Amino acid sequence: ACGASNEDSGSDSGSGGGSDSAAELSGSLVGAGASSQQSAMEAWQAGFEGEYPDVQFSYAPEGSGAGREQFINGSADFAGSDAALDEEELTAASERCAGGEVFELPNYISPIAVAFNLEGVDELNLTPATIANIFNGTITTWNDPAIAADNADATLPATAITPVHRADDSGTTENFTDYLHQAAADVWTAEPDGVWPLEGGESAQGTSGVIEVVTNTVGAITYADASRAGDLGVANVAVGSDFVAPSPEAAAAVVENSPAVEGRGEYDFAIEVNRLTEGTGEYPVVLVSYHIGCVEYDDQEKADNVKAFMNYVISEDGQATAAENAGNAQISDTLREQAQGAVDAITAAG
Amino acid sequence: MTATKAPTEPPAQQRTVRRPGDRIFSGAAKGSGIFILLVLAGVAAFLISEALPALTAPSDEIPGGEGLAGYVGPLILGTLLGAVIALIVATPLAVAIALYITYYAPRRIAAPMGYVIDLLAAIPSVVYGFWGLAVLAPELVPFHTWLADTLGFIPFFAGPASTSGRTMLTVGIVLAVMILPIISAISREVFSQAPALHREAALALGATRWEMIKMAVLPYGKSGIIAGAMLGLGRALGETMAVAIILSGGAGATVNLISNSNPSTIASNIALSFPEATGIDVNTLIASGLALFLITLAVNMLARWVVNRRADFSGAN
Amino acid sequence: MSTETPLAPAGAHRADTDGPVRTQRRLPRFAASGLFLGGLVVGGLLSALTGFSLVLAVVYGVVLGTLAVYLVSRSIEGRRKATDRLVTSLVTTAFLIAMVPLLSLVYTVLDNGLPRLDGAFFTNSMYRVVGEGGGAYHAILGTVIITALATIISVPIGLLTAIYLVEYGTGRLKKAITFFVDVMTGIPSIVAGLFSFALFTLVFGNSVRLGVMGAVALSVLMIPVVVRSCEEVLKLVPNELREASYALGIPKWRTVVKVVLPTAIAGLGTGITLSVARVVGETAPLLVTVGLITGTNLNPFDGRMATLPVFAYFQLTQPGTATQAFIDRAWTAALVLIILVMALNVVARLISRFFAPKTGR
Amino acid sequence: MAKRIEVSDLNIYYGNFLAVEGVNVSIEPRSITALIGPSGCGKSTFLRSLNRMHEVLPGARVEGKVVMDGQDLYGADVDPVDVRRSIGMVFQRPNPFPTMSIYDNVIAGNRLNSKRMRKAETDELVERSLRGANLWNEVKDRLDRPGSGLSGGQQQRLCIARAIAVEPDVLLMDEPCSALDPISTLAIEDLMTELKERFTIVIVTHNMQQAARVSESTGFFNLNGVGQPGRLIEFNPTEKIFSNPDEKATEDYISGRFG
Amino acid sequence: MAKRIEVSDLNIYYGNFLAVEGVNVSIEPRSITALIGPSGCGKSTFLRSLNRMHEVLPGARVEGKVVMDGQDLYGADVDPVDVRRSIGMVFQRPNPFPTMSIYDNVIAGNRLNSKRMRKAETDELVERSLRGANLWNEVKDRLDRPGSGLSGGQQQRLCIARAIAVEPDVLLMDEPCSALDPISTLAIEDLMTELKERFTIVIVTHNMQQAARVSESTGFFNLNGVGQPGRLIEFNPTEKIFSNPDEKATEDYISGRFG
Ligand SMILES: Nc1ncnc2c1ncn2[C@@H]1O[C@H](COP(=O)(O)OP(=O)(O)OP(=O)(O)O)[C@@H](O)[C@H]1O
Ligand SMILES: Nc1ncnc2c1ncn2[C@@H]1O[C@H](COP(=O)(O)OP(=O)(O)OP(=O)(O)O)[C@@H](O)[C@H]1O
Ligand SMILES: [Mg+2]
Ligand SMILES: [Mg+2]
Ligand SMILES: O=P([O-])([O-])[O-]
């Protein structure tokens, strides 16, 4: 009687899209972690709740670190994380999973755009070194020869460059600095880190924060999830001899061709993104966000719920809805097959 | 004359018979007070126990690699800068507003005016954050440039002026707006209670309205103003979301208020870093929270000292 | 003084003349406003010289206008009158200055919040909503429940403590409580949230996220505000009334309940409203204790809940590709939050008007 | 139910300041006792110690005995609330409860002690008390209006009505007429004369005519100098005080007769 | 520089309530004028209208003229602040500024007018005013203590000291002695007699002996009933009022002669 009007009707129509097993699932499913995949998660959640209306689903986008921690200490059933578990975490996670294995599925892939606000300029070609020099403050005006060299057609004003970075600890920053660290090693010496490694400069909270600042500040430039760049200008990044624009396809392509991390479990598909790729149509500034969970849960209900959710996430339907809402790249069939194996393996102990 | 007697004679109150109702009620009142102390002790215990690992950790394990002082120092500076700007801007404004509403505004519009100002307190800090980011900061960019050009010789305005306006100065102003209703509501309350007896005494001596206020209203309301300012300062020191959203922080210690590199504040830094923090990072953040706690303690001691200095002359009774 | 001097002719007085009521020169009725306007106009022109900007025009104008009034009044009416006019002008200006951010905020919130202020916003939750549509039904109820719970915890404790401080407190304990309540006002909201989180984790273990945790966190923030504002108000109740009551053979506790509290009720109402307003928009502590869900959960003792500030925060900071829909929802949530507090204010005001001391004089 | 009050060796303190010293006096039941003396000599302080209102002030305390009909009011087992209920008080400054109507002010003493009374009974009590205070005619049409809307004199009479409504044994009055006009004063004086048939009344007054007019006994307080404690210099039948006082100081004070 | 005050057709309102109606009177310079009458008849209200303190209350206003030495105090070009500076006032309830020391209370009014006064000058002024109010000896050792620490009577004398310190032309006193003991009252009455050599004094009093003792002229206010406006029934030399009043009402009021 006290429910929202959409919730009552939700459970009615929900059975329409669901399978026969839908009615069997109940209880709760708690996820926590990366905020980067929040938009996609919304779509997955909606779809999942449509199929399994009796499952109490929640996902707290409190950050990857928080997600991993909550997964490890048991307050979350699965984590969303922009980074794979490190060794230490892996041990702890395995303990949490009754000594069993952990799955890590790269289910959310999204290109990071280098976005800027410059009147009359919608597109720029930038090399990794130029990007690094802009963000470390070496290049201070837009008409700098280093930029002009790659952009013969553009009319570059003498406007000062205001580089804007994330103020919070973020997976986007980690992936972006990892890219700079690898692709522009001689200019960018700082280690990859979720916290912006340089002192000073303009900073803002969250993806929407940096976008907001750049939108309001002429001459500003930042890095952000490509789907959120909106009206801002977006740079093409040098890959080999080409300049590649950020696109879901280009992002998915680079992930598919990246090597797996060595020495992980059977269902642990942590990858090492190939930032130095020279492949055509591959965009190396990409963020990969994982879903992390146990292969074996203590509790049958949990196992069923996680399994059902992951099934939906990697399904074509799930990937398509997410892409529509979040603008991310859909996983390739290869990745899906890989993931399906893991999802099928999820069971309850005993 | 009583010096010899007083110690042997127990105070009258101790012999006093008290009825059950009184005992229960005063017990409940006292219990509540003690409960508050316990809560505070709980918070302090929580802060100290969680901060301890960071306090004892070697300095290269603390984020930034320069030790706890190196990490927390700039944050303390940022916190104080923002809060002090807020207090300096807000207190005179709030007192003026309270005076305007109680003694200047036409009576019919005074009450709605007070109400409208109270509304400012109702706006959640997230909204302040986005207003500050989207509306105020861009508006203040020219002001920043002007400050850098004309007052650049003062270290506070050394510049270079921020191009986005998301500076400590802007944060201070937003915080001022946030604490304005707190200070003005309490000031208003005490101003309006300034006894007519004393106001009329002043007027009858031929005081103008302002002189009447100086003689009979402000002294009476002083402790109220200070109480309000302290509440406001508490809020400004601890404000989290608005600062996190507006401030372009993360720089080291600088008193430059108008550049795009600003020290962060303790509270906003906790909010920004906590979700992704693990291990010693968490302890470090909580240690910074402990520092904030100690600052509040110091500020309050100072305020109390100021208020008590002339307690004999306070308006009460 | 012993000789009766004839009235000084108009304008011939000196500021320090002793004597009868001086028919001293006064500025005509509208002269002050006229001068001020004049200053505004000159200020506008001045700013036009340096490239017109509205802000500069107003700044120059106000400064010049105030100066004009002060100087003219000073030369004609004397120092004291001029000071009085100066203060009047300053106080009024301060008030108007304070209105600027208020209007800007209100305009911003209305401008951005009105588009989604529709029926669906109040009847729908975000359950299974992707992209556009949805509402904040769940968050509105969540905020109401958690804030009400925090109020139920804070007001009795805070009010009783204020009563203790004003009516009973003596010696060290009173000093300690007064002091530490002030300290408590400085607890940053995020720390309050973490404290509540740690407390419940201690009792219930790790995974717990409850509405009541948020209420406890908010109470930590709210109690000192309640204590301080109630204390100030109770102190203002004249001792005469307490004595009158004692002299009727009324026990102290009844005196407090039946005489002191009713006399102060208007102020208490304002104080409590202020304290509710102080916490109702808190985001950070709810973020770590209550979290956010898309569906409706009305039980603060079971699981996560949605609240308006957190809802607004996530809508603003984590929008999907249909960005505008998220931003609209966020601002509307903020607008609803403000409306909620306004409604609260109105209720408090009605209550206090109903109970307030009736002063016929 | 008038009561005799015996005061012996009473010292009254404000913190460490001895305000009144060594009072010994016996106040007769069914009589009016007047206390006179210069300002600051401790009349109010002494009066307030009789119903233990004194100890309401922080740090205030007394030494000595106040015995009413054999019971020491400051005894260990005596509740000050009960003392005050049977020894009522009217103050120098009128202090009606601002939150209450005139009607509620009058019955405050009864109602706040949560005595249940039928409507008719309270109506009757209110009318009787207000008539007693000579206020009935002025307020009978606005009993539901706030008491603070009255003029000073009216407010004081309201306070008197409120005090007599609880029907105490003893009534203490601290300059109750200093804010009253002659007609009201006369009414109050008549009322006192009427009330003393049943009650013991102690009144502080600066008005020596009033003391002479209404009281049977008069006490003269004085103090030697600022910072010195006040003392009861003389306590005698009013007639004697005003015609042939024992003490020189009393005579000096009275003979500057006016007021 | 005492001043003559001519009041013509003065109606005084509180909002829509006509409190005092149709007062016509001429108050002589260098004299003491007493106003008597029952409580609530508008004495205070009338008195407050003479120095425009009345209009301080919200909604309060007057109709008619109050002319002091040819100048209409309610004229369009007259600043009420100036009116109050030259027509001082002492209130019924003592109201020293609680945040100021005794010393500062006395010179509060003077501080307003002249920013700079030499220390010796103010010291002299403070002593003179406090002596005038018969308070000097009691407070001379604690001039730097808050005025609120004094007893009621002392506080009132402090207020009188404060009012006379600014040396106004006219002094309005609203029952200034109702909180004073006889010695202080005597001192104040003496002071008034002294001050009237230079000042015009108007005093509201319930004490008819006081009126008879100190005043040259007496005005009798009365009202027909509650809710009716008060009126000035009779204004005559004090001797005449107290021996052979023109009006029956005055005689009735006076003949209930007492204190
Ligand atoms: N609350 C108080 N704290 C400290 N001292 C006080 C207090 N009240 C009165 N006194 C002091 O006690 C002494 C007696 O005061 P009290 O008010 O009893 O005098 P009084 O005879 O009633 O004077 P008055 O006629 O002016 O009312 C005075 O010296 C006064 O200053
Ligand atoms: N502030 C006020 N608002 C409305 N009515 C008032 C106000 N003050 C006084 N009155 C009314 O005006 C009338 C005259 O009151 P005023 O105080 O002048 O009488 P008074 O003669 O001074 O009486 P008292 O001798 O008791 O002081 C009374 O009916 C009173 O109720
Ligand atoms: Mg007294
Ligand atoms: Mg009066
Ligand atoms: O997904 P983020 O960690 O970059 O917010």
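Order of the sequence lines sets the chain letters (A, B, ...), proteins ahead of strands, with each chain counted from 1. Computed from a predicted model, the values in this text were never measured in an experiment.
Among all heavy-atom pairs drawn from Gly249(C) and Arg85(D), the shortest one is O-NE, 2.9 Å. Shortest non-hydrogen contact noted between Phe91(D) and Ala244(C) is CE1-CA, 3.9 Å. Of all heavy-atom pairs spanning Thr263(C) and Pro98(D), the tightest one is CG2-CG, 3.9 Å.
Side-chain contact between Trp253(C) and Val81(D) is absent, with no heavy-atom pair separated by less than 4.5 Å. Looking at heavy atoms from C-beta onward, Arg84(D) lies out of side-chain contact with Leu248(C) at the 4.5 angstrom threshold. Using a 4.5 Å heavy-atom threshold, the side chains of Met89(D) and Glu243(C) count as separate.
Here CZ of Arg254(C) is found 12.5 Å from CZ of Arg111(D). Values are rounded to the nearest 0.5 Å. In this structure, the separation between OG1 on Thr99(D) and CD1 on Ile265(C) is 9.5 Å, given to the nearest 0.5 Å. Summarising the geometry, atom OH belonging to Tyr246(C) is positioned 11.0 Å from atom CD belonging to Glu55(D); distances are rounded to the nearest 0.5 Å.
Ile87(D) touches chain C through its backbone: at least one of N, CA, C or O sits under 4.5 Å from a heavy atom, while the side chain does not. Interface residue Phe97(D): backbone and side-chain heavy atoms are both found under 4.5 Å from chain C. Heavy atoms closer than 4.5 Å to chain D are found nowhere in Thr170(C), neither backbone nor side chain. Only the side chain of Arg48(D) comes within less than 4.5 Å of a heavy atom of chain C; its backbone N, CA, C and O stay farther away.
Put simply, the side chain of Asn95(D) never gets that close to the backbone of Leu241(C): no donor and acceptor are under 3.5 Å apart.
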